[in-house]
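Here is the structure we will look at.
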Number of protein chains: 2
Amino acid sequence: MRNDAPRAVTAICKALAEQIEHGLLPPGGKLPAERKLSEVFDTTRITLREALVQLEAQGLIYREERRGWFASPPRVLYNLLGRSHFNAIVSGQGRKPSTDLLSARLQPASAYICGLLDLPALSSVVQIRRARRIDGRLVLYVEHYLNPALFPGILELDLSGSLTELYAAHYKIHYGRVRFEMLPTALQTEAAAALRVSQGSPALHIVRTNRDQDGRLIDCDLEYWRHDAIHVSVEVID
Amino acid sequence: MRNDAPRAVTAICKALAEQIEHGLLPPGGKLPAERKLSEVFDTTRITLREALVQLEAQGLIYREERRGWFASPPRVLYNLLGRSHFNAIVSGQGRKPSTDLLSARLQPASAYICGLLDLPALSSVVQIRRARRIDGRLVLYVEHYLNPALFPGILELDLSGSLTELYAAHYKIHYGRVRFEMLPTALQTEAAAALRVSQGSPALHIVRTNRDQDGRLIDCDLEYWRHDAIHVSVEVID
DNA sequence: TAGTGGTCTAGACCACTGA
DNA sequence: CAGTGGTCTAGACCACTAA
């Protein structure tokens, strides 16, 4: 690393960042083709791509598989104490939420899920897989696992909306204690495919385990957020 | 992307991941040189490095600038409701914490810091910059900003230990309400240099704003964690 | 000083997107 | 079907680390 002259990659990052921050590339706007950009900056595609990947890591731009690079929209604020759900959070911030239902079925619980939900070995669970969007952009892949004893017939209902509201309306179950685990990782095969990004993209993994008003473990969510789509906040009162 | 045959990068990732998970490369252990590995996997260094970067993103390995690649130690659990501090958290999990004091001085507050601490324009603040280690490994870069009115003479004290304990012992100030903001990003120049990693490495940025027992804003921390060193947990009681 | 990682060049082919 | 991004090759030089 040269200490006097900045790296080519750094220079490209700065130039692009400056353009984005000054609004020359509006949020959601597509960047020019990689080959064009590498000409503009008089470098190779490899080097240019390294710069793009760094900007992606910073959250300034994102890519859609085989479609190109885009300026990132603002992050959505996820207040853990807000006790709210995706649709409400997103609409509350003036954005448009939507949900793709990927699959929903009863299946044997993995050892990991049994542990989370405190179920005996070889239990069955309801698995619901969904991809969620903000203003049309895929930002969140979730696997929900529900204790089937508490939600008879749920697979017949409309699972493309808020599960929270479904629980309340059909089962009179409300969230009580909720536990969050958060860890930065990279997207694995399933999540990457669902979000249409390349495997290994940085992401924030959140595991929610939810209890109801009586303290019973009712379900858990394995969430995978695009790392640049979210901003988590918590206020701890003494 | 070929759909039938897996990518070279994916194959390399799997092979290395398998070795690590089966303990052939113990945590903290150094991987062979990149050129050696690229021979082993019969590929180029570029391709091999892409695999290493993906494993880094997953948190399985990490690098030290110009020293090589190492298997990652386990993440440390950061319970936001634990109301504990770095040294206590780390020792409590059987690991060894240490702290490098990078700088400590009174300086004009940036507009951003004024906003966080609710200070008038052109205020001065005490800035303390530290790098913190777990078992010798640099994992956290922190900038602390203190309201100087509350901590007279603090620059004369030993700032390499727990500030929490310093506040209590010398100023009878204890934390009350605490606010956390968390967002995944990439390390910028200062943090990257302090942690001796390359700019643009994935990281978890945590902003803490702390109030004392009387609700006064006393200080804030801008924390930058190596993304693979931490596991955040919160329990929300209804 | 030898070897390592950090950076960069100059190409190539393929699969997919979108017109 | 043209253009794009995804992937890969086969090198090179430099700065730094560790012996």
Side-chain angles (χ1 to χ4, degrees), chain A residues 1-14 16 29-57 61-71 136 138 186-187 189 192-193 195-201, chain B residues 1-14 16 28-57 61-71 136-138 186-187 189 192-193 195-201:
Chain A
M1 182 167 37
R2 281 162 295 184
N3 292 321
D4 46 349
R7 296 180 47 196
V9 166
T10 309
I12 299 171
C13 283
K14 275 196 186 151
L16 286 174
K30 188 173 187 309
L31 273 65
E34 294 180 359
R35 287 173 177 82
K36 285 256 167 58
L37 285 174
S38 62
E39 277 178 37
V40 170
F41 291 106
D42 190 30
T43 184
T44 59
R45 250 182 93 203
I46 297 264
T47 302
L48 177 93
R49 274 175 73 91
E50 206 188 312
L52 292 175
V53 167
Q54 272 205 28
L55 290 172
E56 182 188 36
I61 63 174
Y62 69 99
R63 68 178 122 175
E64 293 185 19
E65 182 96 1
R66 283 188 185 286
R67 298 210 334 107
W69 298 85
F70 304 83
L138 286 162
L187 292 177
T189 317
L195 297 183
R196 305 221 191 103
V197 299
S198 52
Q199 262 193 56
S201 303
Chain B
M1 181 168 37
R2 280 161 297 182
N3 291 322
D4 45 349
R7 295 181 47 196
V9 166
T10 309
I12 299 171
C13 283
K14 275 196 186 152
L16 286 174
K30 188 172 185 310
L31 272 65
E34 293 181 359
R35 287 171 177 83
K36 285 257 168 56
L37 285 174
S38 61
E39 276 178 37
V40 170
F41 290 107
D42 190 30
T43 184
T44 59
R45 250 182 92 205
I46 297 264
T47 302
L48 177 92
R49 274 175 72 91
E50 205 188 313
L52 292 176
V53 167
Q54 271 204 30
L55 290 171
E56 182 188 36
I61 62 173
Y62 69 99
R63 69 178 121 176
E64 292 184 20
E65 183 94 1
R66 286 189 183 286
R67 297 209 336 104
W69 298 85
F70 305 82
R137 177 189 176 211
L138 285 162
L187 292 176
T189 318
L195 296 183
R196 305 223 191 102
V197 299
S198 52
Q199 264 192 54
S201 303

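Fair warning: this is a prediction, and the values are worked out from it, not measured in the lab. Proteins get letters first, then strands, A, B, ... in listed order; numbering begins at 1 in each.
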Could you tell me how far apart [X] ([atom1]) and [N] ([atom2]) are, to the nearest whole angstrom?
X	N	atom1	atom2	value
B/Glu34	D/dG11	CD	P	18 Å
A/Asp42	C/dC8	CG	P	13 Å
A/Trp69	C/dT17	CH2	P	17 Å
B/Lys30	C/dT4	NZ	P	8 Å
A/Arg196	C/dA15	CZ	P	21 Å
A/Arg66	C/dC16	CZ	P	6 Å
B/Glu50	D/dG5	CD	P	16 Å
A/Leu48	D/dG5	CG	P	10 Å

| Residue A/Arg49, side-chain heavy atoms: nucleotide from D/dG5, D/dT4, C/dG5 that is nearest |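 Closest nucleotide among those given: D/dG5.
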| task | Would you mind telling me which of D/dT9, D/dG5, D/dA12 lies closest to the side-chain atoms of B/Ile46? | result |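 Of D/dT9, D/dG5, D/dA12, D/dT9 is nearest to the side chain of B/Ile46.
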| task | Compute whether any side-chain donor of one residue and acceptor of the other, for A/Glu56 and A/Trp69, lie under 3.5 angstrom apart. | result |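 No, no side-chain donor-acceptor pair sits under 3.5 Å.
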| query | So among B/Val9, B/Leu16, B/Thr47, which one has a side chain to side chain contact (heavy atoms under 4.5 Å, CB included) with B/Phe41? | reply |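 Exactly one option meets the side chain to side chain contact (heavy atoms under 4.5 Å, CB included) with B/Phe41, and it is B/Leu16.
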| request: May I ask you to check if B/Arg137 and B/Tyr62 form a cation-pi contact, with NZ or CZ under 6.0 angstrom from the six-membered ring centre and within 45° of the axis? | output: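 Ring-cation test returns yes.
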Under 3.5 Å, is there any donor-acceptor pair linking the side chain of [X] to the base of [N]?
X	N	value
B/Arg63	C/dG6	no
B/Arg67	D/dA18	no
A/Arg35	D/dG5	yes
A/Arg45	D/dG6	yes

| query | Yes or no on side-chain contact (heavy atoms from CB on, under 4.5 Å) for A/Arg35 and A/Arg45, after CA distance, side-chain angles and deciding distance? | reply | CA-CA 6 Å; A/Arg35 287 173 177 82; A/Arg45 250 182 93 203; 3.1 Å; yes
| said: With nearest nucleotide decided by heavy atoms, which residue, A/Ala33 or B/Thr44, maps closer to the 5′ end of DNA chain D? | reply: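 It is A/Ala33, whose closest nucleotide lies nearer the 5' terminus.
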| query | Does B/Thr47 make a side-chain N or O approach to OP1 or OP2 of D/dT9 shorter than 4.0 Å? | reply |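 The answer is yes; a side-chain N or O of B/Thr47 sits under 4.0 Å from OP1 or OP2.
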| field | Within 6.0 angstrom of A/Glu39 CD, more than 12 heavy atoms from elsewhere | value |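 Incorrect, the count does not exceed 12.
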| Base, sugar-phosphate, or nothing: which does A/Thr43 touch, judged by heavy atoms less than 4.0 Å apart? |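 If one applies the 4.0 Å heavy-atom cut-off, A/Thr43 turns out to touch the sugar-phosphate alone, with no base involved.
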